[in-house]
Amino acid sequence: MQTDKRFKRWQWRVIICSMLSYAMFYFVRKNFSFAIPLLNQEYGITNASFGMILTLGGLIYGVSKFVNGILADRTNARWHLAAGLAVCVLTSILFGFADKFSIALTGTSEGAPFVRGMVVIMGILYIINQIFQGCGFAPCNHLMVNWVPPRELATKMSLWSTSHSVGAFVVAIICGYLTDWRLCFWVPAAIATVGILFTIITLRDTPKSVGLPELPKVEGEIDDNEQKDPAKFRKFLMKRVFMNPVIWVLAMTDLFVYVVRFAILDWGPSMLADMGLSKELTGWTVAIFEVAGCAGMLCAGYISDKFFKSKCQRVCAIEMILVAVCLIVLHFIQDAGMPYMFLIILALAGFLIYGPQSLLGVTAAKIATKKAASSAVGLIGFMSYLSTIITGVGFGALADKFGGWSWIFITMGGLAAVGSVLVFSLWGLKEDRA
């Protein structure tokens, strides 16, 4: 009885503290989106240039999630998180000196060479940041599958997944009131610095590391000794992850989920500014999208465990088709002079899209078991960040070419519908399928 109580205390400590740690990664990640309009206004940098940076960084982040997913199955999550966050904080600080670096590089403080220099420098810093952003989710996923049994994973992982919404919400509010692009980098970096120390002090890797029993093995899972054998572990990974068609269907679906999510997060401030909203109201609108997403994740996880017997893919299928409907509605009302109606529909889309964003990974983690869960989620993360090809270069060029966002809403709605069809194909999936 005492052991059970102690395990529960540690379980909730790990869940809550890892949520706060991961939220800090978003402080030094999504602040870039709020610097974009200010940099555009001050230096005339085009949406296409920013789109290229976002695409390259997103692709690098996808690779980083994949690599860190494999590493996280074999590393200490606490130090993995702290090291990654430290580098991200450093790059955010350096972002604020991009103009000074460009002057040193080009020998001028104005004109096309200076602007090109800034774009190159920001691109390099953004890519470095994205490499180490990959040190965020993978170790947290490792923590969750080692501290939470499969029957509770949908509900508690959905709760944990609100961490990035909390981070994005708070940084959106903060940056919405900052009128200097440099402060959009420096203020979040100062807050995230505290997060590094918090991570080191509060988190522990596995129940065994604090003298508690590990969670029981599930069917098909290798034991600790087998995991330490490189040949056996590779064979296990191939079967459970890389040669598993279910994992690939989940990965393709997540790609379409991330098209919608990143289109709003990366281009939301610019999109709403073009509709005539003030910078403050733009910040609040994007923040409300995140708050709605938090509520959506919590509801989706609870509904999956309570009413669908933890069959998360069924909830994902239903929510994806509803997201498609919301996006088509946004297409028709964007020019109707109804900003508050636009905000309501956008919030509803956020409520719906964050359920699949959380639960597709939960489904993959259950199939892969806790010994390969981070590798499975890493693969899905890599595929999902291929979405930045569409949301970065693609949507940036569309916005510049057509002078608006109509075709972007139509494209997002169509891809959400395709994602719904894909995940519907897994309606009768058994969790132990490998």
Side-chain angles (χ1 to χ4, degrees), residues 28-64 88 91-131 133 171-172 175 178-186 188 258-259 261-275 279 282-283 286 385-408 411-412:
V28 285
R29 180 178 173 190
K30 288 305 173 185
N31 53 344
F32 185 67
S33 295
F34 285 89
I36 286 176
L38 296 172
L39 287 162
N40 185 292
Q41 180 181 355
E42 186 168 343
Y43 300 108
I45 302 173
T46 65
N47 286 331
S49 295
F50 285 122
M52 181 64 71
I53 292 173
L54 292 171
T55 293
L56 290 175
L59 292 173
I60 292 295
Y61 178 64
V63 174
S64 179
C88 292
T91 59
S92 195
I93 293 170
L94 294 176
F95 258 116
F97 295 100
D99 55 339
K100 303 295 190 297
F101 293 143
S102 183
I103 292 172
L105 178 67
T106 64
T108 181
S109 60
E110 58 184 9
F114 169 75
V115 172
R116 283 196 297 269
M118 281 198 69
V119 170
V120 170
I121 289 163
M122 286 188 295
I124 292 170
L125 288 172
Y126 191 73
I127 287 171
I128 295 171
N129 181 283
Q130 295 302 290
I131 290 172
Q133 285 283 339
V171 78
C175 291
L178 298 176
T179 57
D180 188 321
W181 62 269
R182 299 166 188 84
L183 294 179
C184 287
F185 295 110
W186 291 340
Y258 270 68
V259 167
R261 181 176 170 232
F262 280 161
I264 301 299
L265 291 178
D266 289 337
W267 294 112
S270 300
M271 186 187 303
L272 295 165
D274 287 349
M275 292 178 63
K279 192 169 186 295
T282 294
V286 176
Y385 275 83
L386 292 178
S387 65
T388 57
I389 297 173
I390 301 170
T391 62
V393 172
F395 286 177
L398 278 176
D400 285 340
K401 181 176 179 61
F402 294 103
W405 305 93
S406 292
W407 282 103
I408 292 175
T411 302
M412 286 194 292

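These figures come from a predicted structure and were not determined experimentally. In this chain, numbering begins with 1 at the start of the sequence shown.
Evaluation of the ring pair (Phe, Tyr, Trp, His ring centres under 6.0 Å) rule for Tyr61 yields Tyr385 as partners, not counting sequence neighbours. Residues satisfying the side chain to side chain contact (heavy atoms under 4.5 Å, CB included) criterion with Ile103, sequence neighbours excluded, are Ser109, Phe114. Partners of Leu183 according to the side chain to side chain contact (heavy atoms under 4.5 Å, CB included) rule, which considers only residues two or more places apart in sequence or in another chain, are Leu178, Asp180, Trp186, Val187. Partners of Ser387 by side chain to side chain donor-acceptor pair (under 3.5 Å), not counting sequence neighbours: none found. Shown here are the side chain to side chain contact (heavy atoms under 4.5 Å, CB included) partners of Leu94, two or more places apart in sequence or in another chain: Leu90, Phe101, Leu125. Legend: residues meeting side chain to side chain contact (heavy atoms under 4.5 Å, CB included) with Ile127, ordered by chain and number and at least two apart, are Leu56, Ile60, Ile131. In this view, Asn40 satisfies the side chain to side chain donor-acceptor pair (under 3.5 Å) rule with no residue, not counting sequence neighbours. Scored by the ring pair (Phe, Tyr, Trp, His ring centres under 6.0 Å) test, Phe395 finds no partners at all (sequence neighbours excluded). Qualifying side chain to side chain donor-acceptor pair (under 3.5 Å) partners for Ser92, counting only residues two or more places apart in sequence or in other chains: Asn31. Scored by the side chain to side chain donor-acceptor pair (under 3.5 Å) test, Thr106 finds no partners at all (sequence neighbours excluded).
In this structure, CZ in Phe97 is found 13.0 Å from CD1 in Ile121, a value given to the nearest 0.5 Å. A distance of 10.0 Å separates OG in Ser64 from CG in Asn129, rounded to the nearest 0.5 Å. Atom CE of Met412 and atom CD1 of Ile390 lie 11.5 Å apart (nearest 0.5 Å). Rounded to the nearest 0.5 Å, atoms OG1 (Thr91) and CD (Gln130) are 8.5 Å apart. Here Met122 contributes atom CE and Phe32 contributes atom CZ; the two are 5.5 Å apart, rounded to the nearest 0.5 Å. The CG atom of Leu39 sits 8.5 Å away from the SG atom of Cys184 when rounded to the nearest 0.5 Å.
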Start with the C-alpha distance between Arg182 and Asp99, add both sets of side-chain angles, then the distance that settles side-chain contact (heavy atoms from CB on, under 4.5 Å), and finish with yes or no. CA-CA 10 Å; Arg182 299 166 188 84; Asp99 55 339; 2.8 Å; yes
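Using cut-offs of 30° and 60° on the angle between ring planes, the pair Trp181 and Tyr43 is perpendicular. Under the 30°/60° scheme for interplanar angles, the aromatic rings of Tyr126 and Phe95 are found to stand perpendicular.
Summarising the geometry of Met118 relative to Ser102, their closest heavy-atom pair is N-OG, 3.3 Å, with the distance given to 0.1 Å. Contact detail for Cys175 and Pro188: the closest heavy-atom pair is SG-CG, 4.2 Å. Residues Val28 and Gln133 come closest through the heavy atom pair O-NE2, 3.4 Å.
Listed by first and then second residue, the salt bridge (Lys or Arg N to Asp or Glu O under 4.0 Å) pairs involving residues 101-124 amount to none (not counting sequence neighbours).
Annotation: Gln41, atom CD; neighbour count of heavy atoms from other residues, nucleotides and ligands within 6.0 Å does not exceed 12.
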